[in-house]
Amino acid sequence: MPSPIIEIKNVKIQLGGDWVHKDINLTVNRGEIMAIVGGSGSGKTTLLREMLMLQKPDAGSIRIFDQEITTASPKTQALIQRRWGVLFQQSALFSSLTLLENTAFPLIEHSNLDKKMIRELAALKIAMTGLPVDSSNKYPAELSGGMQKRAALARAIILDPELIFLDEPTAGLDPGSAGGLDELILDLQSTMGLTVVIITHDLDTLWHVTDRVAFLGEGKVLCVDAMAQLVKNPHPLIQEFFSGPRGRTAETIYQ
């Protein structure tokens with residue numbers, strides 16, 4: 001049996017007087033690529049914020065790396081956070097820092113390595129994401145959208161994490177750039193032994209990249225399954241989500 005890296009049990013949260021999560025239960029196994037999907041307002045972003053310790057649920061348990069994060073001390077939380085990487089939806093690169101400086105930033109904050117070693121490690125991670133060497137000295141505004149995503153991914157893996165969270169990694173990219181990023185995610189997952197949690201609406205990513213997909217709706221996880229089985233689930237919300245023209249086209253391509 002694969003060992004869990006994330007265990008979420010009976011999580012509840014109320015925002016603005018409405019229950020966003022009524023009873024969330026989800027397990028992410030070590031080494032898998034898990035996507036979290038659902039309609040607008042289903043609580044995907046809230047769940048991601050809860051896992052990242054940016055928002056505390058009203059009730060329930062979230063264990064990551066076998067640590068209960070909802071009651072962890074600030075010191076324990078900091079140690080846990082160093083074991084994961086995050087790619088935010090808008091990349092969240094520092095506009096005043098070069099690509100190399102952006103990538104190196106977590107090492108500067110969380111290690112005692114000398115400047116030469118930090119630069120070498122940052123350059124290595126940039127190369128691993130397929131960015132050209134001459135991009136290292138460019139600023140985010142000088143990079144294309146696809147390059148910004150790869151830069152943010154380089155920063156997310158700079159500390160050699162066991163787990164990475166990707167928030168809409170292909171949003172706003174043209175099909176070619178999105179496809180290239182999907183391949184990069186698969187390559188990094190394989191070479192680094194990563195566990196990957198993705199929030200995405202991209203049907204190509206769901207079909208091509210994931211091992212399992214968790215569908216959120218009605219304040220809970222309605223189903224967790226591989227895409228080939230998930231699209232056949234009869235629940236009305238799941239059928240509505242995947243039964244449009246784009247959904248049917250993607251299913252035809254990947255089935």
Side-chain angles (χ1 to χ4, degrees), residues 32-38 40 44-45 48 52 84-106 122-159 161 163-192 194-213 227 231 241-242 244-255:
E32 78 172 331
I33 300 178
M34 165 78 78
I36 299 173
V37 303
S40 178
K44 303 181 297 297
T45 299
L48 177 63
L52 292 176
W84 70 45
V86 185
L87 186 155
F88 294 98
Q89 183 173 350
Q90 303 299 329
S91 298
L93 297 171
F94 298 110
S95 60
S96 61
L97 301 182
T98 65
L99 168 54
L100 187 75
E101 291 167 338
N102 265 286
T103 304
F105 187 82
L124 173 62
K125 292 303 192 291
I126 290 170
M128 287 176 66
T129 60
L131 287 166
V133 175
D134 62 3
S135 65
S136 294
N137 293 321
K138 293 183 177 180
Y139 291 91
E142 300 174 294
L143 303 175
S144 68
M147 293 176 74
Q148 287 184 23
K149 295 281 188 176
R150 288 174 182 262
L153 192 52
R155 184 177 61 186
I157 62 171
I158 190 65
L159 294 176
L163 167 67
I164 58 172
F165 296 95
L166 309 179
D167 186 12
E168 298 285 1
T170 60
L173 301 184
D174 63 81
S177 297
L181 196 65
D182 283 345
E183 292 297 336
L184 176 59
I185 292 167
L186 285 170
D187 182 57
L188 291 175
Q189 189 272 337
S190 175
T191 57
M192 298 182 69
L194 294 168
T195 303
V196 185
V197 176
I198 309 176
I199 308 294
T200 185
H201 290 92
D202 190 322
L203 292 166
D204 289 320
T205 298
L206 292 173
W207 277 104
H208 183 55
V209 173
T210 64
D211 295 303
R212 294 191 300 155
V213 177
M227 274 296 289
V231 294
F241 190 88
F242 291 115
R246 293 179 67 249
R248 290 195 297 270
T249 300
E251 183 176 358
T252 301
I253 292 171
Y254 290 101
Q255 283 283 52

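Residue indices begin at 1 and follow the sequence shown. This structure is a prediction, so every number in the text was calculated from the model and none was measured.
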*When you look at W207 and V231, which way does the side-chain contact (heavy atoms from CB on, under 4.5 Å) test go after all the steps?*
CA-CA 10 Å; W207 277 104; V231 294; 3.8 Å; yes
_Atom pair CG (L186) and OG1 (T210), whose distance is rounded to the nearest 0.5 Å_ = 9.5 Å
*Can any side-chain N or O of K44 pair as donor or acceptor with the backbone N or O of I199 at less than 3.5 Å?*
no
*Looking at residues at least two apart in the chain, or sitting in another chain, which of them share a side-chain hydrogen bond (donor to acceptor under 3.5 Å, both in side chains) with E32?*
R212
*Name all residues meeting the side chain to side chain contact (heavy atoms under 4.5 Å, CB included) criterion together with A92; count only those two or more places apart in sequence or in a different chain, and write none if there are none.*
F88, R155
_Residues that Q189 engages under side-chain hydrogen bond (donor to acceptor under 3.5 Å, both in side chains), provided they are two or more places apart_ = none
_I'd like to check E183 versus H208 (side-chain heavy atoms, cut-off strictly below 4.5 Å). Are they in contact?_
yes
*State the CG-CD distance between L93 and E101, to the nearest 0.5 angstrom.*
12.0 Å
*Which heavy atom in S95 sits nearest to a heavy atom in P140, and how many Å separate them?*
O-CD, 3.9 Å
*Qualifying residues under side-chain hydrogen bond (donor to acceptor under 3.5 Å, both in side chains), relative to S136, sequence neighbours excluded*: none
_Distance check, rounded to the nearest 0.5 Å: L100 atom CG versus L131 atom CG?_
11.5 Å
*Between CZ of F165 and CG of L87, what distance do you get to the nearest 0.5 Å?*
12.5 Å
*Side chains of W84 and V197: closer than 4.5 Å at any heavy-atom pair?*
no
*Between OG1 of T129 and CG of L124, what distance do you get to the nearest 0.5 Å?*
10.0 Å
*Where is the tightest heavy-atom contact between V37 and T200, given as atom of each residue plus distance?*
CG1-O, 3.3 Å
*Value rounded to 0.5 Å, distance of NZ in K138 from CG in N102*: 15.0 Å
*Given F242 and L203, is the side-chain contact (heavy atoms from CB on, under 4.5 Å) satisfied, shown in steps?*
CA-CA 9 Å; F242 291 115; L203 292 166; 3.9 Å; yes
_If I compare all heavy atoms of V213 with all of L206, which pair ends up nearest, and what's the gap?_
CG2-CD2, 4.1 Å
_Heavy-atom side-chain contact between L188 and V196 under 4.5 Å_ = no
_Going by the rule salt bridge (charged side-chain N to carboxylate O under 4.0 Å, His left out), which residues pair with K125 if we only count those two or more places apart in sequence or in a different chain?_
D160
Identify all side-chain donor-acceptor contacts of residues 166-182 below 3.5 Å with residues at least two apart in sequence or on another chain.
{"unit_1": "E168", "atom_1": "OE1", "unit_2": "H201", "atom_2": "N", "d": "3.3"}
{"unit_1": "E168", "atom_1": "OE2", "unit_2": "H201", "atom_2": "ND1", "d": "2.6"}
{"unit_1": "T170", "atom_1": "OG1", "unit_2": "D202", "atom_2": "OD2", "d": "2.7"}
{"unit_1": "D174", "atom_1": "OD1", "unit_2": "G176", "atom_2": "N", "d": "3.0"}
{"unit_1": "D174", "atom_1": "OD1", "unit_2": "S177", "atom_2": "N", "d": "2.9"}
{"unit_1": "D174", "atom_1": "OD1", "unit_2": "S177", "atom_2": "OG", "d": "3.4"}
{"unit_1": "D174", "atom_1": "OD2", "unit_2": "S177", "atom_2": "OG", "d": "2.9"}
{"unit_1": "D182", "atom_1": "OD1", "unit_2": "T205", "atom_2": "OG1", "d": "2.8"}
{"unit_1": "D182", "atom_1": "OD2", "unit_2": "T205", "atom_2": "OG1", "d": "3.2"}

*With sequence neighbours left out, what residues match T195 under side chain to side chain contact (heavy atoms under 4.5 Å, CB included)?*
I5, V28, R30, L163
*asked:* Test of understanding: with ring pair (Phe, Tyr, Trp, His ring centres under 6.0 Å), list the residues that count as partners of F94, not counting sequence neighbours.
replied: F105
*Residue pairs involving residues 143-153 (criterion side-chain hydrogen bond (donor to acceptor under 3.5 Å, both in side chains); sequence neighbours excluded)*: none
*Looking at residues at least two apart in the chain, or sitting in another chain, which of them share a side chain to side chain contact (heavy atoms under 4.5 Å, CB included) with P161?*
I157, I164, M192, L194
*Please confirm whether the backbone N or O of L99 pairs with a side-chain atom of T103, one donor and one acceptor, at under 3.5 Å?*
yes
